[in-house]
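Report on the structure given below.
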Amino acid sequence: MTERTFSIIKPDATRRNLTGKVNAVIEDAGLRIVAQRRIQMTDAQAKKFYEVHAERPFYGELVDFMTSAPVVVQVLEGDNAVAKYREVMGATNPAQAADGTIRKLYAESVGENSVHGSDSLENAKLEIAQFFTDADIVG
Ligand code: GDP
C-alpha cells in the first residue's frame, strides 16, 4: 500500500553537509521525497515534536540537539513507506544498525543519529501535519 511517512535529517547530518548523501540512500531505497524544507527548529517545535519522550532523562539534551543547527523536514512516499524508512534508517544506536543503513553509514551516536522517521502510520500523519500542509506535498 502506498503510504507517506515523516522524516527529519537531523543537525549532526546537516552540519556535516550530508543532506544529499542521506537523500541518495532514501531515493535508492525507492522512497520518493514529495515535500522537503530546511528549517531552524524552535525550542517549542522540538519540545512538542518529542513530547512523548518528555519524562526520559535525555529529553533536554534531545531538544537542545534538535535546535542546535538547521534540520531538513521531509515527507517520503512509497510502498509500505513507514516500515521501509525505519529499515533504511537502521537501529537507533548506530553501533547496532545494519550495514548500508543511514545510521550505520552516518550517525555519530545514539543521540546524534542523523535521521528521524515515524514509527507508525498514525504518528506519520500527526508529524507531517506539524510541519506541512497538504499544499506543500506534491506526490
Ligand atoms: P528512534 O525512533 O529510532 O528515533 O528512537 P526513539 O524514539 O527511541 O528515540 C528518539 C530519539 O531520541 C532518538 O532518535 C535519539 O535522537 C534520541 N535518543 C534516544 N535514546 C537516547 C539516549 O540514550 N541519549 C540521547 N542523548 N538521545 C537519545
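Both ligands and their constituent atoms are indexed starting at 1 by order of listing. Computed from a predicted model, the values in this text were never measured in an experiment.
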In this structure, which one of Asn23, Val75, Val73 forms a side chain to side chain contact (heavy atoms under 4.5 Å, CB included) with Gln36?
Asn23
Below 4.0 Å, non-hydrogen atoms only: which portion of Asp119 touches ligand 1? Side chain, backbone, both or neither.
neither
Just to be sure I'm reading this right: ignoring hydrogens, which of Tyr50, Tyr59, Phe58, Phe49 gets closest to atom 28 (C) of ligand 1? Compare them by their nearest heavy atoms.
Phe58
Can you tell me how the ring of Phe58 sits relative to the ring of His53, calling it parallel under 30°, perpendicular over 60° and tilted otherwise?
tilted
Under 4.0 Å from one or more heavy atoms of Glu61, ligand 1 contributes atoms 26 (N)
Less than 3.5 Å between some nitrogen or oxygen of Glu112 and one of ligand 1, yes or no?
no
May I ask you to check whether Thr92 has an N/O atom sitting below 3.5 Å from an N/O atom of ligand 1?
yes
Could you tell me if Asn123 and Ser118 have a donor-acceptor pair between their side chains, going purely by distance under 3.5 Å?
no
May I ask you to identify, for Met66, whether its side chain, its backbone, both or neither come under 4.0 Å of ligand 1 on a heavy-atom basis?
neither
If you draw a 6.0 Å radius around CD in Glu87, do more than 12 non-hydrogen atoms from other residues or ligands fall strictly inside?
no
Applying the side chain to side chain contact (heavy atoms under 4.5 Å, CB included) test to Val22, which of Thr14, Val115, Leu105 qualifies?
Val115
Asn113: numbered ligand 1 atoms lying under 4.0 Å from its heavy atoms:
13 (C), 14 (O), 15 (C), 16 (O)
Do NZ/NE/NH1/NH2 and the carboxylate oxygens of Glu108 and Arg16 come within less than 4.0 Å?
yes
Protein heavy-atom partner closest to atom 15 (C) of ligand 1 - residue, atom, separation in Å:
Val110 O, 3.3 Å
Contact (N/O only, under 3.5 Å) between His116 and ligand 1:
no
For atom 4 (O) of ligand 1, which of the options Arg86, Met89, Arg103 provides the nearest non-hydrogen atom?
Arg103
Is a salt bridge present between Glu77 and Arg32, judged by a nitrogen-to-oxygen distance below 4.0 Å?
no
For atom 27 (N) of ligand 1, the closest protein heavy atom turns out to be Gly111 CA, 3.4 Å
With ring centroids as reference points, do Phe6 and Phe131 lie under 6.0 angstrom apart?
yes
Contact check: Leu62 vs ligand 1, nitrogen or oxygen atoms, below 3.5 angstrom:
no
By number and element, which atoms of ligand 1 are closer than 4.0 Å to a non-hydrogen atom of Lys10?
13 (C), 14 (O), 15 (C), 16 (O)
Flag His53 as yes when one of its N or O atoms lies below 3.5 Å from any N or O atom of ligand 1, and as no otherwise.
yes
For the residue pair Thr19 / Arg38, report whether a side-chain donor-acceptor contact shorter than 3.5 Å exists.
no
